[in-house]
Amino acid sequence: WIRLNSDLKNFLTSIYFIDNENGWTVGYNFSASKNRNSIFPFVLKTTNSGTNWIKINLDNQIGSYKDIYFTNLNTGWICGDSGTIFKTTNSGYNWIRQNTSCIQGGLNPIMLYDIKFVNINTGYCSGSESVLLKTTNSGNNWLLINNNGYQGRSFYGLNFINESTGWVTSSEGLILKTTNGGNVFIS
C-alpha cells in the first residue's frame, strides 16, 4: 500500500474509481458545538490516480454519506443519511437529490449503506429498516422492493451482476439472493 494524501482529517466512507486515473471518495466533517452537533458531507475527486484531490462540498446538506458509485466518467450516485440519494451528471461537480420514497427524519432515520448500478438505468440500494430500493430510470425514481419479510434488519451490502441476479447481506450472517431483479429474494 502507498499512502495518498487527501489533505483532510475527516471521515472517508467509500471510494470508487472508474479507471486508473479518475476516482471519487465520499466523506463528512463532524462539527461539535455546545448547542448542536452537525455532520457536513463532501465528495473528493481525483483525475490523477489519487495524487491530488479536489474537495466538492454538497451545498446545504447535513449528514453522512456511506457509498459512491459511477457508471461512467460523468454519471454517479451517492447514498446515506435520511434515505437520501444524490446523482451527478458532470463528474461530481454538482449533485441533484433523487426521489427515494424512504426519506425519513426523527430519531431513527433511514440510512442507505450501499448503491450499485448494472447499467446507466438500473440500480439498487440497500439500507437500514429493511430498505431495498430499485430504479429502472437512472435514479429519477426509486421504488421499495420485496425484502421477503426480513423486517427490522439493516442490509449493509449488495452486489448485482446483471439486472436479474444479485445478493444482499445483513447481520447474523444473512445473505439473500435474487434471480428476478429483486422481486423475490432467497435466503
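Heavy-atom basis, side chains included; hydrogens, waters and symmetry copies ignored. The structure displayed is predicted, hence computed values, not measured ones.
- In summary, the side chains of Asn180 and Asn183 do not present any donor paired with an acceptor at a separation below 3.5 Å, with no hydrogens or angles considered.
- Of all the heavy atoms in Asn140 and Gln98, the pair that sits closest is N-OE1, 4.0 Å.
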- Please lay out, stage by stage, how Glu129 and Arg153 fare under the test salt bridge (Lys or Arg N to Asp or Glu O under 4.0 Å). CA-CA 5 Å; Glu129 302 301 321; Arg153 287 185 177 266; over 6 Å; no
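- The same ILVMFWY cluster, assembled from side-chain heavy atoms under 4.5 Å apart, contains both Leu73 and Val43.
- Both tests do not hold together for Lys134 against Tyr124: distance to the six-membered ring centre under 6.0 Å, angle to the ring axis within 45°.
- Met111 and Ile68 fall into different hydrophobic clusters, where Ile, Leu, Val, Met, Phe, Trp and Tyr residues are linked whenever their side-chain heavy atoms come under 4.5 Å apart, directly or through other members.
- Just one of Tyr69, Trp77, Phe117 meets the ring-ring contact (aromatic ring centres under 6.0 Å, His included) condition when paired with Tyr16; it is Tyr69.
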- Message: Between Lys45 and Ser91, does the side-chain hydrogen bond (donor to acceptor under 3.5 Å, both in side chains) criterion hold? Intermediate values first, please.
- Response: CA-CA 8 Å; Lys45 176 183 171 47; Ser91 200; 2.7 Å; yes
- Using the side-chain contact (heavy atoms from CB on, under 4.5 Å) rule, take Ser126 and Tyr156 through it: C-alpha gap first, then chi angles, then the decisive distance, then the call. CA-CA 6 Å; Ser126 62; Tyr156 295 109; over 6 Å; no
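- Looking at every heavy atom in both residues, Thr100 comes nearest to Thr84 through CG2-C, 4.5 Å.
- Val118 is connected to Phe155 through a chain of hydrophobic side-chain contacts under 4.5 Å among Ile, Leu, Val, Met, Phe, Trp and Tyr, so both are in one cluster.
- Taking both residues in full, the closest heavy atoms of Ser170 and Ser154 are given as OG-O, 2.8 Å, listed atom of the first, atom of the second, then distance.
- Remark: side-chain polar atoms of Asn22 are not paired, donor with acceptor, to backbone N or O of Asp19 under 3.5 angstrom.
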- Task: Please step through salt bridge (Lys or Arg N to Asp or Glu O under 4.0 Å) for the pair Asp67 and Lys116, ending with a clear verdict.
- Result: CA-CA 9 Å; Asp67 199 22; Lys116 300 286 187 293; 3.7 Å; yes
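- Between atom OG1 of residue Thr46 and atom CD of residue Glu21 there is a gap of 8.0 Å, rounded to the nearest 0.5 Å.
- Between Ile78 and Val26, some side-chain heavy-atom pair lies under the 4.5 Å cut-off.
- Ile115 is not listed as a side-chain neighbour of Lys66, based on a closest heavy-atom distance of 4.5 Å or more.
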- Just do the side-chain contact (heavy atoms from CB on, under 4.5 Å) check on Ile15 and Phe17 with the steps written out, would you? CA-CA 7 Å; Ile15 192 165; Phe17 273 76; 3.7 Å; yes
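- For Thr51 (side chain) and Asn48 (main-chain N/O), a donor-acceptor pair under 3.5 Å exists by modelled atom type.
- The line from CG of Leu176 to CG of Leu174 is 4.0 Å long, rounded to the nearest 0.5 Å.
- With rounding to the nearest 0.5 Å, the separation of CZ in Phe160 from CG in Asn162 is 9.0 Å.
- No donor-acceptor pair under 3.5 Å is formed between the side chain of Asn121 and the backbone N or O of Thr136.
- Nearest heavy-atom pair, Leu132 versus Val168, reported as atom, atom and distance to 0.1 Å: CD2-CG1, 3.7 Å.
- Hydrophobic clustering, with ILVMFWY side chains joined whenever heavy atoms are under 4.5 angstrom apart, keeps Leu112 apart from Leu143.
- Thr88 and Asn90 are linked by a side-chain donor-acceptor pair at a separation below 3.5 angstrom, with hydrogens and angles left out of the test.
- With respect to Tyr65, the ring-ring contact (aromatic ring centres under 6.0 Å, His included) criterion is satisfied by exactly one of Trp95, Phe86, Tyr28: Phe86.
- Atom CG of Asn141 is separated from atom CG of Leu133 by 11.5 Å, given to the nearest 0.5 angstrom.
- Two residues are said to be in side-chain contact when any heavy atoms from C-beta on lie closer than 4.5 Å; Ser128 and Ile110 meet this criterion.
- With hydrophobic clusters built from ILVMFWY side chains whose heavy atoms lie under 4.5 angstrom apart, Leu12 does not share a cluster with Tyr113.
- Ring orientation note: the planes of Trp24 and Phe70 are close to parallel, at an angle under 30° on the 30°/60° scale.
- With Thr25 contributing its side chain and Ser14 its backbone, the two residues share a donor-acceptor pair below 3.5 Å.
- Residues Asn119 and Glu163 have side chains that bring a donor and an acceptor to within less than 3.5 angstrom of each other.
- Between Cys79 and Ile85 the shortest heavy-atom distance is CB-CG1, 4.1 Å.
- Thr71 places no side-chain N or O within donor-acceptor distance of the main-chain N or O of Ile120, the cut-off being under 3.5 Å.
- Across all non-hydrogen atoms, the minimal contact from Leu158 to Asp114 is N-OD2, 2.8 Å.
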